[in-house]
Amino acid sequence: MEVYHEKQRLQRCALHTLNCLFQRAQFTKHDLDDIAYSLSPSSLINPHKSVLGTGNYDANVIFAALAASGYYIKWHDKRKPLSTIPFDYVFGIIVNTIAVSIFNIYQARHWFTVRPVDKIWYSFDSRFREPMPFASTDQLMQYLEELQRTRSAEIILVIKDGVQLPE
């Protein structure tokens with residue numbers, strides 16, 4: 001299987017995250033705008049996306065898009081080690097990190113996907129020219145741990161509807 005990757009455009013990392021997760025152009029800007037408007041239909045200024053039309057979609061838009069596609073999410077509890085993630089049951093991982101911090105007053109965040117393709121895990125960070133493969137699950141966990149330490153990463157597991165995670 002050929003690896004699908006999208007590069008960053010404007011503030012559309014949520015769009016790139018979803019498309020890399022599904023390994024195809026499953027969603028468009030129009031699709032995510034429609035979801036954002038459906039979440040706040042009577043808002044003059046939509047709180048789920050940029051007023052400038054550049055993207056900057058929030059978690060609610062991503063999670064609604066996943067639900068409509070037959071997937072659910074589970075936030076990874078930072079108090080638990082990453083070794084507790086049941087990687088064999090997870091379709092993919094969405095990572096949310098601090099991209100820019102200005103004196104800890106303003107923090108812009110960035111979304112990207114980590115998922116396996118043909119049993120090899122990749123980071124599909126749209127800021128990079130190409131996906132980054134991991135030699136092992138241990139290497140993947142080291143990468144995610146470093147992101148948690150240095151960029152306040154949130155780890156969100158994406159699971160296919162009907163798949164039960166082991167306790």
Self-check item: Donor-acceptor under 3.5 Å (K78 side chain, A153 main chain)
Solution: yes
Quiz item: Do the side chain of T113 and the main chain of T17 share a donor and acceptor less than 3.5 angstrom apart?
Solution: yes
Quiz item: What distance separates C13 SG from I62 CD1, expressed to the nearest 0.5 Å?
Solution: 7.0 Å
Self-check item: Under the ring pair (Phe, Tyr, Trp, His ring centres under 6.0 Å) test, residues paired with F87 that sit two or more places apart
Solution: W121
Quiz item: Can you tell me how far CD of Q148 sits from CE of M141, rounded to the nearest 0.5 angstrom?
Solution: 11.5 Å
Exercise. Establish whether I155 and L165 are linked, either directly or via other cluster members, by ILVMFWY side-chain heavy-atom contacts under 4.5 Å.
Key: yes
Practice problem: Decide yes or no for L157 and I94: does some side-chain heavy atom of the first lie under 4.5 Å from some side-chain heavy atom of the second? | Solution: no
Practice problem: Working to the nearest 0.5 Å, report the span between CD1 of I85 and CG of L82. | Solution: 4.5 Å
Exercise. Indicate, with yes or no, if V158 and Y4 share a hydrophobic cluster defined by side-chain heavy-atom contacts under 4.5 Å among Ile, Leu, Val, Met, Phe, Trp and Tyr.
Key: no
Exercise. Evaluate the side-chain proximity of F91 to I159: yes if any heavy-atom separation is below 4.5 Å, no if none is.
Key: no
Self-check item: Expected output: side-chain D58 to main-chain V61 donor-acceptor under 3.5 Å
Solution: yes
Quiz item: Taking the side chain as C-beta and beyond, is there a heavy-atom pair between D161 and Y72 under 4.5 Å?
Solution: yes
Quiz item: Does the side chain of L18 come within less than 4.5 Å of L66's, by heavy atoms?
Solution: yes
Self-check item: ILVMFWY cluster, L144 and M132 together (side-chain gap under 4.5 Å)
Solution: yes
Quiz item: So do S69 and Q26 actually touch side chain to side chain, heavy atoms under 4.5 Å?
Solution: yes
Quiz item: Do side-chain atoms of D34 reach the backbone of D31 as a donor and acceptor pair under 3.5 angstrom?
Solution: no
Quiz item: Quick one: does NZ or CZ of R115 land under 6.0 Å from the six-membered ring centre of Y122, within 45 degrees of the ring axis?
Solution: no
Practice problem: Using the six-membered ring wherever Trp is involved, compare the ring planes of F22 and F27 and label them parallel, tilted or perpendicular (cut-offs 30° and 60°). | Solution: tilted
Quiz item: So do Q23 and F124 actually touch side chain to side chain, heavy atoms under 4.5 Å?
Solution: yes
Exercise. Under the side-chain contact (heavy atoms from CB on, under 4.5 Å) rule, collect the residues that match up with Q139, sequence neighbours excluded.
Key: F134, A135, S136
Self-check item: Contact summary for Y89 and Q164, nearest pair of heavy atoms
Solution: CD2-O, 3.7 Å
Quiz prompt | Residues N19 and E6: side-chain donor-acceptor under 3.5 angstrom | solution = yes
Quiz item: Is it the case that more than 12 heavy atoms not belonging to K74 sit under 6.0 Å from its NZ atom?
Solution: no
Quiz prompt | Validation row: W111, V95 side chains within 4.5 angstrom (heavy atoms) | solution = no
Practice problem: Check whether any side-chain heavy atom of F112 sits under 4.5 Å from a side-chain heavy atom of L21, and report yes or no. | Solution: no
Practice problem: Identify the two heavy atoms, one from V114 and one from S123, that lie closest to each other, and give their separation to 0.1 Å. | Solution: CG2-CA, 4.2 Å
Exercise. Taking E154 for its side chain and N96 for its backbone only, find out whether a donor-acceptor pair lies under 3.5 Å.
Key: no
Self-check item: Side-chain (E146) to main-chain (Y143) donor-acceptor, under 3.5 angstrom
Solution: no
Quiz prompt | Between D125 and H110: side-chain donor-acceptor atoms closer than 3.5 Å | solution = yes
Self-check item: Residue list, side-chain contact (heavy atoms from CB on, under 4.5 Å) with K80, at least two apart or on another chain
Solution: H76, D77, T84
Self-check item: Closest approach of L32 to A14 (non-hydrogen atoms, all atoms of both residues)
Solution: CD1-C, 4.3 Å
Quiz item: Are F128 and V117 grouped together when hydrophobic residues (ILVMFWY) are joined by side-chain heavy atoms under 4.5 angstrom apart?
Solution: no
Quiz item: In terms of hydrophobic clustering (I, L, V, M, F, W, Y; side-chain heavy atoms under 4.5 Å; direct or indirect links), are I73 and V90 co-clustered?
Solution: no
